[in-house]
> 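This structure is in structure tokens; I'll ask about it shortly.
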Number of protein chains: 2
Amino acid sequence: MTPARRPTLADVAREVGVSAKTVSRVLNEDGPSSPDTRRRVLEAVAKLGFQPNLMARSIRTGGPDTTVGLVVPDMSNPFFGAVASGIEDAVRTRGLTLLMGSSHDDPHREQALIDTFLARRVSVLMVAPAAGSEHSRLQVHRAAGMPVVFLDRPGTGLTTDTVVSTNRSGTREGVAHLIAGGHSRIGFVGDLPTRLYTRRERLAGYREALADAGLSHDRALIADAHDPETAAEATARLLDLRDPPTALLSGNNTMTLGVLTQLARGGSKDIAVVAFDDVPIASILEPALTVVAQNPTAVGATAGAIAIRRLAGDRARARTVLVETHLILRGSGELAPRPGR
Amino acid sequence: MTPARRPTLADVAREVGVSAKTVSRVLNEDGPSSPDTRRRVLEAVAKLGFQPNLMARSIRTGGPDTTVGLVVPDMSNPFFGAVASGIEDAVRTRGLTLLMGSSHDDPHREQALIDTFLARRVSVLMVAPAAGSEHSRLQVHRAAGMPVVFLDRPGTGLTTDTVVSTNRSGTREGVAHLIAGGHSRIGFVGDLPTRLYTRRERLAGYREALADAGLSHDRALIADAHDPETAAEATARLLDLRDPPTALLSGNNTMTLGVLTQLARGGSKDIAVVAFDDVPIASILEPALTVVAQNPTAVGATAGAIAIRRLAGDRARARTVLVETHLILRGSGELAPRPGR
DNA sequence: TTGAAAGCGCTAACAT
DNA sequence: ATGTTAGCGCTTTCAA
């Protein structure tokens with residue numbers, strides 16, 4: 001039992017008794033057609049279950065496809081899910097469909113995905129770069145008129161439109177908040193070394209806030225971690241210092257999980273915490289978690305808007321757009337330092 | 001300054017001084033080619049930045065595309081992100097790329113996305129149906145040999161492969177756990193009416209657990225909510241009953257947020273809670289949250305495996321595969337009922 | 001080992 | 001209002 005061939009324009013035309021072009025005209029509302037022909041064509045389309053082959057159309061029209069290719073390091077990360085959602089909403093009105101792939105933070109897979117998208121002639125390419133990837137090969141495609149937008153982190157080897165959160169000023173604001181609450185020894189738990197843009201920026205924001213307040217910068221207060229477990233260990237180590245921090249800034253969601261686990265475990269609930277990145281149930285924690293929240297949907301929406309402008313012919317020079325983070329005060333950052341710890 | 005045209009096979013052939021077919025042969029490793037020709041072709045490809053046009057190839061070979069189309073109700077929901085990730089890992093080895101779109105839980109957008117995917121000749125279509133959608137139109141495509149897999153919920157009007165969590169037995173297990181802990185009045189906070197498969201199944205599991213234990217089924221203990229706010233209100237209402245529940249089962253993540261918020265607000269921390277669906281920082285809550293965890297990655301991986309088998313020619317009748325949920329005991333479900341509340 | 005011609009499904013350009 | 005021809009970029013078929 002060989003599967004039925006998908007019906008083509010010609011099949012519909014034969015069924016109705018008109019030419020292929022007429023069917024095409026009806027379906028694309030291109031040129032005139034008599035009401036009667038129109039009706040019969042649509043009937044035949046429904047009867048045969050005809051779906052126009054978009055690839056054949058694209059080939060002929062020569063233009064790019066109607067898709068936006070998006071490469072992210074991790075699809076299961078809600079941040080990128082929200083980014084994707086923002087992009088989709090923005091470009092949907094232009095009839096663009098989102099194509100999404102995950103690089104698993106591997107530069108090779110990232111490159112493979114980019115190649116797939118290019119081969120598919122996406123009309124826009126968006127990339128949230130993996131750590132250590134390189135993008136100079138994209139230059140030629142950008143020159144060929146395809147908009148390229150980097151998200152969350154800038155691309156490497158290529159100057160083009162970029163949309164990132166205010167990692168630096170956001171972290172600075174969070175740390176300044178702790179300082180305003182009377183803290184002078186503030187630990188930083190992050191993923192080091194900071195080769196990655198976002199991590200580097202956040203650490204820089206932390207340092208700036210200390211400098212702004214004229215506080216000395218103690219290297220011992222900066223802890224390296226790579227997952228919740230090591231973040232928990234790092235937190236324990238910080239609190240075991242002879243002159244321990246009275247407040248912590250956690251550099252991302254993963255770190256936050258470890259930091260809070262350790263604080264709960266160690267009964268150190270009086271340590272003030274500000275976390276970079278919001279978490280869904282932050283308000284239920286005790287104390288409720290004060291965060292520097294990103295706005296992933298806005299990041300996506302902004303990237304979508306840029307892409308649309310580029311597609312419309314905007315040839316202005318590449319810009320980097322910063323999407324504001326917001327300090328959300330919930331309690332954990334408002335704990336006063338207790339002397340004698 | 002008109003953008004440079006993308007190079008084609010013919011451009012490469014001209015550059016090298018061979019025929020298009022020869023270039024095609026080299027690139028697809030189809031048929032023999034002299035080492036010298038091979039080298040020169042590859043050089044020209046690199047020099048021109050040639051990317052084969054996958055759409056043109058698909059057109060000619062007639063076969064389906066090398067993509068898997070996935071429609072989910074909400075991309076920013078981590079559950080579907082993890083599902084997508086599982087699918088991607090499973091199909092990547094077959095050279096398939098994931099195409100993903102969000103229906104925003106709107107049957108019309110779902111249908112539009114499905115049409116787009118069909119028009120793009122995806123080789124597999126996967127759908128996590130929106131509430132109230134209908135899929136009988138897919139029958140003809142399935143007959144044409146395109147695998148269709150439903151995820152998370154069964155499709156409507158069409159019998160085909162389906163992968164769902166053990167919503168019913170999982171909930172039953174969660175409620176049984178509460179009963180084993182001595183609870184006899186157990187509230188259910190969920191999204192009602194239960195037109196949606198997952199909600200219906202979870203409520204059924206709740207009822208089954210009560211019946212198993214010979215407990216009477218009190219309608220007053222079943223509360224309807226649609227978001228965290230109404231879930232919080234519903235929780236408050238349940239606890240204000242003359243004979244209030246001593247334990248709660250929360251039907252999904254959204255409900256859980258509201259339930260926990262209300263328990264924290266009302267100081268009712270001694271109410272036992274089991275939540276359907278895990279949350280990232282469940283272990284940090286006080287008490288740590290006992291959950292019936294789904295395995296979204298496994299749901300995706302299973303769907304991917306099914307699709308691959310179908311593409312390989314498996315014509316067995318459609319199956320529904322259940323992916324196990326797991327009861328994770330963390331504390332909130334182990335609170336004993338206190339008389340005299 | 002290589003090439004020429006035909007054709008995939010569709011639409012642009014020009015008829016009628 | 002409709003049809004004809006040609007051709008998009010590629011691969012298949014057949015020939016050299």
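Lettering follows sequence order; numbering is per chain, from 1. Just so you know, these numbers come straight off a predicted model, no measurement behind them.
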> Of the options C:dC10, D:dC10, C:dC8, whose atoms approach the side-chain atoms of B:R57 most closely?
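In terms of side-chain proximity for B:R57, the closest of C:dC10, D:dC10, C:dC8 is D:dC10.
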> Would you mind telling me which residue lines up with the more 5' stretch of DNA chain C, A:R60 or B:P35, judged by nearest nucleotide?
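The 5'-side residue here is B:P35.
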> When you measure only distances, ignoring hydrogens and angles, does the side chain of A:R25 come within 3.5 Å of the base of D:dG3 through a donor and an acceptor?
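Such a pair exists between side chain and base.
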> Any non-hydrogen side-chain atom of B:V321 less than 4.5 Å from a side-chain atom of B:T162?
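With C-beta onward as the side chain, the pair stays apart.
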> Rounded to whole Å, please give me the gap between CG in A:N53 and P in D:dG9.
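Result: 16 Å.
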> Of all the nucleotides listed (D:dG9, C:dA12, C:dC10), which has the minimum atom distance to the side chain of B:T8?
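The answer is D:dG9.
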> List the steps and the verdict of side-chain contact (heavy atoms from CB on, under 4.5 Å) for B:R57 and B:N28.
CA-CA 11 Å; B:R57 158 146 61 216; B:N28 299 312; 2.7 Å; yes
> In whole angstrom, give the distance that lies between atom CG of B:D11 and atom C1' of D:dC8.
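Atom CG in B:D11 sits about 13 Å away from atom C1' in D:dC8.
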> Could you check whether any side-chain heavy atom of B:T67 comes within less than 4.5 Å of a side-chain heavy atom of B:F117, counting everything from C-beta outward?
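Counting from C-beta outward, B:T67 and B:F117 never come under 4.5 Å.
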> The test is side-chain contact (heavy atoms from CB on, under 4.5 Å); show your working for B:R109 and A:R92 and say whether it passes.
CA-CA 10 Å; B:R109 286 192 59 186; A:R92 175 176 109 247; 2.9 Å; yes
> CZ of B:R5 versus C1' of D:dG9: gap in Å, rounded?
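Going from CZ in B:R5 over to C1' in D:dG9 covers 10 Å.
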> I'd like to know whether B:V164 forms a side-chain contact (heavy atoms from CB on, under 4.5 Å) with B:T320, so could you lay out the CA-CA distance, the side-chain angles of the two residues, the decisive distance to 0.1 Å, and finally the verdict.
CA-CA 8 Å; B:V164 294; B:T320 293; 4.3 Å; yes
> Want to settle it: does A:K21 or B:K21 sit nearer the 5' end of DNA chain C, counting the closest nucleotide to each?
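Counting from the 5' end, the first nearest nucleotide belongs to B:K21.
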> When you compare the side chain of B:V72 with that of B:F79, does any pair of heavy atoms fall below 4.5 Å?
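No, too far: nothing below the 4.5 Å cut-off.
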> Expressed as a whole number of angstroms, how long is the span from B:M55:CE to C:dG9:C1'?
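The distance from CE of B:M55 to C1' of C:dG9 comes to 13 Å, rounded to the nearest Å.
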> Rounded to whole Å, please give me the gap between CG in B:N28 and C1' in D:dT13.
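That distance rounds to 16 Å.
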> Measure from the side chain of B:P32, starting at C-beta and using heavy atoms only, and say which of C:dT1, D:dT11, D:dC10 lies closest.
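Given the options C:dT1, D:dT11, D:dC10, the side chain of B:P32 is closest to C:dT1.
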> Specify the separation, in whole Å, of atom CD of B:E29 and atom P of D:dT11.
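From B:E29 CD to D:dT11 P: 13 Å.
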> From the list C:dT2, D:dT12, D:dC10, which nucleotide is the closest neighbour of the side chain of B:F50?
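Minimum distance to the B:F50 side chain belongs to D:dC10.
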> So if I take every side-chain heavy atom of A:S24 and compare against C:dG3, C:dT11, D:dG3, which nucleotide ends up nearest?
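Looking only at side-chain atoms, A:S24 lies closest to C:dT11.
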> Tell me: CG of A:L48 to C1' of C:dG9, nearest whole Å?
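A:L48 atom CG is separated from C:dG9 atom C1' by 15 Å.
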> B:L9 has a side chain; which of D:dC10, C:dA12, C:dG3 sits nearest to it?
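Nearest listed nucleotide: D:dC10.
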> Any base atoms under 4.0 Å from A:S58, or only sugar-phosphate, or nothing? Heavy atoms, all strands.
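A:S58: no heavy atom of the nucleic acid under 4.0 Å.
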> D:dC8, OP1 or OP2 - any side-chain N/O from A:T61 closer than 4.0 Å?
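So the side chain of A:T61 is outside the cut-off, no N or O lying under 4.0 Å from OP1 or OP2 of D:dC8.
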> What's A:S19 touching, base or sugar-phosphate or nothing? Going by heavy atoms closer than 4.0 Å.
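Here A:S19 touches the bases of the nucleic acid.
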> Whole angstrom is fine here: how far is it from CZ in B:R120 over to C1' in C:dC10?
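Value for this atom pair: 15 Å.
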> Checking contacts here: which listed nucleotide (C:dG9, C:dA12, D:dG3) is nearest the side-chain heavy atoms of B:I59?
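Of the options given, the side chain of B:I59 lies nearest C:dG9.
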> Please determine whether a side-chain nitrogen or oxygen atom of B:T37 lies at a distance below 4.0 Å from atom OP1 or OP2 of C:dT2.
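Indeed, a polar side-chain atom of B:T37 lies that close.
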